[in-house]
Novice: 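Sharing a structure below in structure tokens format, with a few things to ask.
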Amino acid sequence: MPEKSITLEVFRYLPEQSDEPKYQKYDVPYREDWVVLDALNYIKDHIDGSLSYRWSCRMGVCGSCGMMVNGEPRLTCAAFLRDFYPQPIRVEPLTNFPVIRDLIINLEDFLHKLKEVKAWLIPKQEKPVSEGEYLQSPKELATYKQFSMCINCMLCYAACPVYGLEPKFLGPAAIALGQRYNLDSRDGGKEERTDIIASSEGIWECTFIGECSRVCPKHVDPAAAIQRAKVQSTQEWWMSLLLPKGAK
Amino acid sequence: MARSNEPLFWAPFFAGAGFSALFMPAVMIITGVAVAAGWINATQLYQLILHPLTRLFLFLLISLSLFHAVHRIRFVLVDLGLKPFAGIISVLCYGSAIVGSILAAIFALTL
Amino acid sequence: MKTKEYVRPMPANWFMHNRHLQLFMLRELSAFFVAGYSVFLLVMLYKAGQGEQAFQQFFEGVMKSGLSIFLHLIALAFVVYHALTSFNAAPVIMDVRIGEDPIDPRLLIAAHYVMWVVVSVVILIVAL
Ligand code: SF4
Ligand code: FES
């Protein structure tokens, strides 16, 4: 019996050859336990070594293998061929990002936004190492834990029409990560972060479509982070309007 | 970067989302289904509207629903490609909600 | 060396891309019906202000007309959809916890549905 196979239609963009991308078809062996990334690796090793894409961990941790699989942003190391077989699978680079080559996108913009939102801990009070760690109860951890599960895979950006329409939008993951630190009991950087999160290019661009949370492989729920930030920010805005300056 | 003044509009948008979701379908059943079916006649509905609590309720429903709706309409129009007109769209949208609210207040007070 | 990057523009019909975006657009379009019905209520209030006779004319001539009933039914469908999507969003907006764990989102949604039905029934009983 001939070996079963499945067709991959892969987005190819080779800037030194053409300004326009094309779709190239590859027939790869079909294995029940293979994911799309396995099929891409098969192509690269056995059919066409010129195909370029990113990957690293093969286990949904590094966040580098995100691509559009039949129009849906997916981690290719977690997208099983068996969910598509025998239909062909179309593989494209993540939408809403510029393409550098084949399946590789330019993620400069996202890295810049992570920096802008100060996605790191800003201690309330720096203390010398000799005074020990910054302690936190399990309950305090629980308030932000979900938002800390992000692996920076950018699937949420690819899924977000608001980001596609307005690239200046801070976007789901950056806001969720900003909130992750804002909600951290050890953190004192909320004021600085809010200046960007509550700016017109932050949460207020969001129309609560919810695609970010639907596609997130780590159940971070950026949409929740954003909507809750809207509520909180609105409360603070009205409070500062109604209360005299300086009063807290 | 400066914090946005969006909360000015977002607060009534959000309040209107809840208010219209909770109350509007029931009110529509009264002015639509019940009227068509004859469960309520003109005099009864008129008396109902005259009640001060009904007037207050209708004012809130009209005003908050308008603020809710225009906020969404503003974003729909912008996201459907009218971004170059975002400024004028905002003025028209919130402007009509404000005018509608003032009219509702006047009508409710001068019954 | 930096090579030329390929930029894919958003298609004008981006909201047709999948069922979720179509439903999102439906939710946003419901706003037109929320606004439209608010304007209707405004007119009704105005007519009531012109006295019982004017209101009676409006009631018989406009509100009882086939067109009004038809529009009411269509708008009702959209507004009910708007209401459902609003209540479904409750667990996203509110972070309700018992101890460390968030409560089951379905519970929160169900509570909103129950409240909605009770409020609606009360309104109908009081009004009719
Ligand atoms: S929020 Fe989720 S989808 Fe977005 S980058 Fe983080 S893990 Fe990926
Ligand atoms: S290869 Fe690391 S997440 Fe897929």
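Quantities reported herein were computed from a predicted structural model and do not represent experimental measurements. Residue numbering restarts at 1 for every chain, and letters A, B, ... go by the order of the sequence lines.
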Novice: Quick one: what part of C:M25 sits under 4.5 Å from any heavy atom of chain B, side chain, backbone, both or neither?
Specialist: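 The side chain, not the backbone.
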Novice: Select one option (side chain, backbone, both, neither) describing which atoms of C:L73 are under 4.5 Å from chain B's heavy atoms.
Specialist: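 The side chain, not the backbone.
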Novice: Need one label for B:I62: side chain, backbone, both or neither, based on atoms under 4.5 Å from any heavy atom in chain C.
Specialist: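 Interface part for B:I62: both.
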Novice: Please state whether the side chain, the backbone, both or neither of C:F33 comes within less than 4.5 Å of a heavy atom of chain B.
Specialist: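 For C:F33, no heavy atom lies under 4.5 Å from chain B.
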Novice: Please flag which part of C:F58 lies under 4.5 Å from any non-hydrogen atom of chain B: side chain, backbone, both or neither.
Specialist: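 Neither; nothing under 4.5 Å.
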Novice: Could you check if a side-chain atom of C:F15 sits within less than 4.5 angstrom of a side-chain atom of B:L80, using non-hydrogen atoms only?
Specialist: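 C:F15 vs B:L80: side chains touch.
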Novice: Select one option (side chain, backbone, both, neither) describing which atoms of C:L45 are under 4.5 Å from chain B's heavy atoms.
Specialist: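 It is both, since atoms from each part get that close.
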Novice: Between B:L58 and chain C, with a heavy-atom cut-off of 4.5 Å, which part of the residue counts as in contact: side chain, backbone, both or neither?
Specialist: side chain
Novice: Which atoms of B:A108 come close to chain C, meaning under 4.5 Å heavy atom to heavy atom: side chain ones, backbone ones, both, or neither?
Specialist: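 B:A108 touches chain C through backbone and side-chain heavy atoms alike.
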Novice: Under 4.5 Å from any heavy atom of chain C, what part of B:L45 do you find: side chain, backbone, both or neither?
Specialist: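 Both parts, backbone and side chain.
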Novice: How long is the span from the CD1 atom in B:I89 to the CG atom in B:L82, to the nearest 0.5 Å?
Specialist: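 With rounding to 0.5 Å, CD1 (B:I89) is 4.5 Å from CG (B:L82).
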Novice: Which answer fits B:I49, side chain, backbone, both or neither, if we ask what part of it has an atom under 4.5 Å from a heavy atom of chain C?
Specialist: side chain
Novice: For C:L124 versus B:A26, what's the shortest heavy-atom pair and its separation?
Specialist: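 Minimum heavy-atom contact is CD2-O, 3.7 Å.
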Novice: Measuring heavy-atom distances to chain B, does C:A75 have an atom under 4.5 Å in its side chain, in its backbone, in both, or in neither?
Specialist: both
Novice: Go through the atoms of B:V27 and report whether side chain, backbone, both or neither lie under 4.5 Å from a heavy atom of chain C.
Specialist: both
Novice: I'd like a table of all donor-acceptor pairs linking chain C to chain B (distance under 3.5 Å, no angle check), giving the atom names and the distance to one decimal.
Specialist:
residue, atom, partner, partner atom, Å
C:W14, NE1, B:D79, O, 3.1
C:E28, OE2, B:R72, NE, 3.3
C:Y37, OH, B:V27, O, 3.3
C:Y37, OH, B:T31, OG1, 2.7
C:E52, N, B:Y46, OH, 3.4
C:K64, NZ, B:V35, O, 3.2
C:H72, NE2, B:T31, OG1, 2.6
C:H82, NE2, B:S20, OG, 2.9
C:W116, NE1, B:A21, O, 3.0

Novice: Check whether C:F70 gets within reach of chain B through its side chain, its backbone, both or neither, counting any heavy atom under 4.5 Å.
Specialist: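 No part of it gets close to chain B.
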Novice: Heavy atoms only, distances under 4.5 angstrom: which of C:A12, C:G51, C:A89 has the most pairs with chain B? Name it, please.
Specialist: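 Option with the greatest count: C:G51.
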Novice: With rounding to the nearest 0.5 angstrom, report the CG to CG distance, B:L77 to B:L92.
Specialist: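 B:L77 CG to B:L92 CG: 9.5 Å, rounded to 0.5 Å.
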Novice: Let me know which of B:F57, B:F14, B:F67 forms a side-chain contact (heavy atoms from CB on, under 4.5 Å) with B:F19.
Specialist: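 Running side-chain contact (heavy atoms from CB on, under 4.5 Å) over B:F57, B:F14, B:F67 with B:F19 returns exactly one hit, B:F57.
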Novice: I need the minimum non-hydrogen distance between B:L66 and B:G100, along with the two atoms involved.
Specialist: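 The answer is CD1-CA, 3.8 Å.
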Novice: Considering all heavy atoms of both residues, which atom of B:A97 and which atom of B:V70 are nearest to each other, and what is their separation?
Specialist: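 Heavy atoms only, the tightest pair is CB-CG2, 3.8 Å.
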Novice: Looking at B:I30, B:I106, B:L50, which one has more heavy-atom pairs under 4.5 Å with chain C than the rest?
Specialist: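 Option with the greatest count: B:I30.
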Novice: Using 0.5 Å steps for rounding, measure from the CE atom of B:M24 to the CG atom of B:L64.
Specialist: 10.0 Å
Novice: Does any heavy atom of chain B fall under 4.5 Å from the side chain of C:L76, the backbone, both, or neither of them?
Specialist: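 Both parts, heavy atoms under 4.5 Å.
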Novice: What's the shortest heavy-atom distance between B:I40 and C:A127, and which atoms?
Specialist: CD1-O, 4.0 Å
Novice: Say you draw a straight line from CD1 of B:I73 to CG of C:L29; how long is it, rounded to the nearest 0.5 Å?
Specialist: 9.5 Å
Novice: With a 4.5 angstrom heavy-atom cut-off, could you sort out which part of B:V76 is near chain C: side chain, backbone, both or neither?
Specialist: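 B:V76 touches chain C through side-chain heavy atoms alone.
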Novice: Show the numbers, then the answer: is there a side chain to side chain contact (heavy atoms under 4.5 Å, CB included) between C:M44 and B:F107?
Specialist: CA-CA 10 Å; C:M44 188 180 82; B:F107 295 161; over 6 Å; no
Novice: Considering only heavy atoms, which portion of C:I93 lies under 4.5 Å from any heavy atom of chain B: side chain, backbone, both, or neither?
Specialist: side chain
Novice: Select one option (side chain, backbone, both, neither) describing which atoms of C:V34 are under 4.5 Å from chain B's heavy atoms.
Specialist: both
Novice: If you look at every heavy atom in C:F78 and C:L26, which pair is closest and at what distance?
Specialist: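 Of all heavy-atom pairs spanning C:F78 and C:L26, the closest is CE2-CD1, 4.1 Å.
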